[in-house]
Amino acid sequence: MVAVEELTLGLDSGEIVALVGDNGAGKSTVVKCLAGVYAPTSGRILLEGRPVRFSSPLDARRDGIEVVLQDLALANTQPVYMNVFLGRELVKGPLRWLDRHSMAAQTQTLLHELDVRVDGSSQPVRNLSGGQRQAVAIARAVLWAQRLVLMDEPTAALGVAETRRVEEVIRRMRDRGLAILLVSHSLDQVFRLADRICVLRRGKQVGVRRRADTSGDEIVAMITGLR
Amino acid sequence: MAGRRTYLVFVAFLLLFAFFAVVLADDGFTSRTNLLNIVRQTAPVTVMAVAVVFVLSAGEIDLSLGSVVALSALVTAKVLQTEGLALAVAAGLGVGLGIGALNGLFVTLLRLPSFLVTLASLGFVAGLARTITDLQSVAVANGGFIDVFGSGDVGPIPGLAFWGLGAVALGHFVFRHTRFGAHVVATGDDANAARVAGIRVDRVRFAVLVLSGAAAALAGILYTGRLQGATYTLGEQDLLVVIAAVVIGGTRLFGGQGSVIGALIGSLILGTLTNGLILWGFSSSEQLIAQGVLLLVAISLTLREPKGEHAS
């Protein structure tokens, strides 16, 4: 069995491309290949024209690719700033002390820029709401991503108001010049956010449409294969 | 959070101390000699408690502590009979590092739970400690060794206090102020999240188990210095005491949160309790009961915290 047989997709910086398809169409597999979780058995990934191979998520991160997952990968007992810097903590001095002050300050600035209302970087993440937690995960991606952010159902666990706020943050990421690949079940959300929409069906690419040139009906027809 | 908890534990320590000071006023509880005794007696437990803060915070456990104490102590004492101080200490520490590394390898390479791996090494090491000396005690006559690791003083303060407090200071610095400390806590909090964030979770697990073995070995060496000899029963009761001290001090049994300062206070609470109960005339069996009750109270308080999802 091959999860994804056929996909040719380019992303520009400052662009949100949505990847849609029914359950089992292969969306998450694409994300995991790009994130370095799976190695594709064939095909190429080009980053700014240069072919890359990722043997682990660390490789992908080194090339400026960040992932925001549905199940928030946060350390719950740790403060917000330690989560934003998790695994990449700042240190200072010859003893390599953790520079908590800088990390907290940078986190605060970042959250402010993204207009995320999470107070104080000092409280543990477990005290935050689902939307705030996802905002923290996204802020982390924004801070570290230089090129591409992969988002797999970033709002699946959130309420309506929280979803809107997270969508606002995603738009602001695009405005900062990042390329964003968004996997979402919600066509409403896809039409609110995406510049282009790529449809997968049973591991094959059905087509790519500009949002301005397509309609919900057309995308649904492409997803289901029914006309 | 952890800070407030540490404060509360400190208050509990002061209350316990005040209680004994009043009740045992005529038994010399507050005498200088007795207070220094408490510090001397708790030093090995404190050293191990510092390491166990790392182990528990990383979501692991080391049940082999007590038997490593005995084996390291015996090896150190044996080597001292023919060789010098440096070689003996190196041999003792080597035993602890080696067993810690073995535990770590089984946990990381074979992906076995540390509970089972260290339960097995507990038996293995305890058996080894009994075998190498045929259950005989080994006396130590090396004056330099006894001075450094046992009865010696630094000014008016017992040398053993320096070992204990030195371990606390170093442990606190590493735990709170280095990337390694942060990675230990993140690993115990959510190993998957830590892995996704690029933390080498297996290295962390290996490191805390090696640290634990080394701390147990140092504790064994300190016992050998204080008692001027080693026997296979050294450290037998220490696992309960060390884990109680650490948990009382605010470290979560299931990882993700810890406090080295809290562990020091926990160790002092248990040391004071033991000392007070001895002066009061309680037997060692009754002291065990008291320690068990105290641990139960501490665990009840810890698990009552609004964070049950990790307990499952």
Side-chain angles (χ1 to χ4, degrees), chain A residues 31-32 35-37 54 56-63 65-79 81-104 120 122-127 133-134 136-137 140-141 143-144 150 152, chain B residues 1-6 53-54 56-59 169-204 250-260 262 302-303 305-312:
Chain A
V31 167
K32 284 178 175 151
V37 178
F54 303 139
S56 83
L58 282 178
D59 290 348
R61 282 167 45 158
R62 231 168 270 134
D63 273 320
I65 298 176
E66 289 287 319
V67 195
V68 177
L69 298 166
Q70 178 180 351
D71 49 347
L72 326 114
L74 298 176
N76 286 303
T77 60
Q78 298 292 293
Y81 68 86
M82 284 302 278
N83 269 285
V84 168
F85 285 87
L86 195 64
R88 292 177 276 210
E89 299 83 359
L90 303 181
V91 291
K92 63 180 175 189
L95 286 177
R96 296 173 58 78
W97 288 69
L98 282 182
D99 193 349
R100 289 177 187 271
H101 185 77
S102 297
M103 287 191 279
S122 64
Q123 57 178 329
V125 163
R126 68 160 174 250
N127 291 352
R133 287 154 53 88
Q134 192 60 289
V136 169
R140 172 165 71 190
L143 181 65
W144 297 104
L150 309 167
D152 196 352
Chain B
M1 267 210 345
R4 201 175 126 258
R5 170 75 187 247
T6 308
V53 169
F54 286 81
L56 291 186
S57 297
L170 187 66
H172 177 74
F173 166 73
V174 172
F175 192 76
R176 279 291 298 167
H177 297 295
T178 68
R179 298 188 67 196
F180 175 71
H183 293 178
V184 165
V185 176
T187 299
D189 186 313
D190 184 337
N192 280 323
R195 205 175 285 120
V196 170
I199 293 169
R200 295 177 195 278
V201 171
D202 277 348
R203 269 194 212 174
V204 169
T251 297
R252 293 187 75 248
L253 257 180
F254 304 103
Q257 191 169 313
S259 165
V260 171
T302 312
L303 296 190
E305 281 175 20
K307 212 182 162 243
E309 76 258 32
H310 276 248
S312 55

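A quick note: this is a predicted structure, and the numbers were derived from the prediction, not measured. Here is how names work: the chains are called A, B, and so on, in the same order as the sequence lines, proteins then strands, and each is numbered from 1. The analysis underlying the following values was restricted to heavy atoms, covering all of them including side chains, and did not include hydrogens, waters or symmetry mates.
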task = Give a yes or no answer on whether the side chain of Arg140(A) reaches the backbone of Asn83(A) with a donor-acceptor pair at less than 3.5 Å.
result =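 The answer is yes, because a donor-acceptor pair under 3.5 Å joins these two groups.
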
(Q) Please check this pair: side chain of Arg179(B) against backbone of Leu98(A), looking for a donor-acceptor N/O pair closer than 3.5 Å. (A)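 The answer is no, because no donor-acceptor pair under 3.5 Å joins these two groups.
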
Below 30° counts as parallel, above 60° as perpendicular, anything between as tilted: where do the rings of Trp97(A) and His177(B) land?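 Tilted.
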
Query raised in the report: Who among Leu86(A), Leu90(A), Val67(A) has the most heavy-atom pairs with chain B under 4.5 Å?
Result: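 Ranked by heavy-atom pairs under 4.5 Å with chain B, first place is Leu86(A).
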
* Quick one: what part of Arg176(B) sits under 4.5 Å from any heavy atom of chain A, side chain, backbone, both or neither? ->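 Backbone plus side chain of Arg176(B), per the 4.5 Å heavy-atom cut-off to chain A.
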
Which bit of Leu58(A) is near chain B, if near means a heavy-atom gap under 4.5 Å: side chain, backbone, both or neither?
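Contact with chain B is through the side chain of Leu58(A) alone.
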
**Asked** Which value, rounded to the nearest 0.5 Å, describes the distance between Arg61(A) atom CZ and Ser56(A) atom OG?
**Response**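 Reported value, rounded in 0.5 Å steps: 9.0 Å.
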
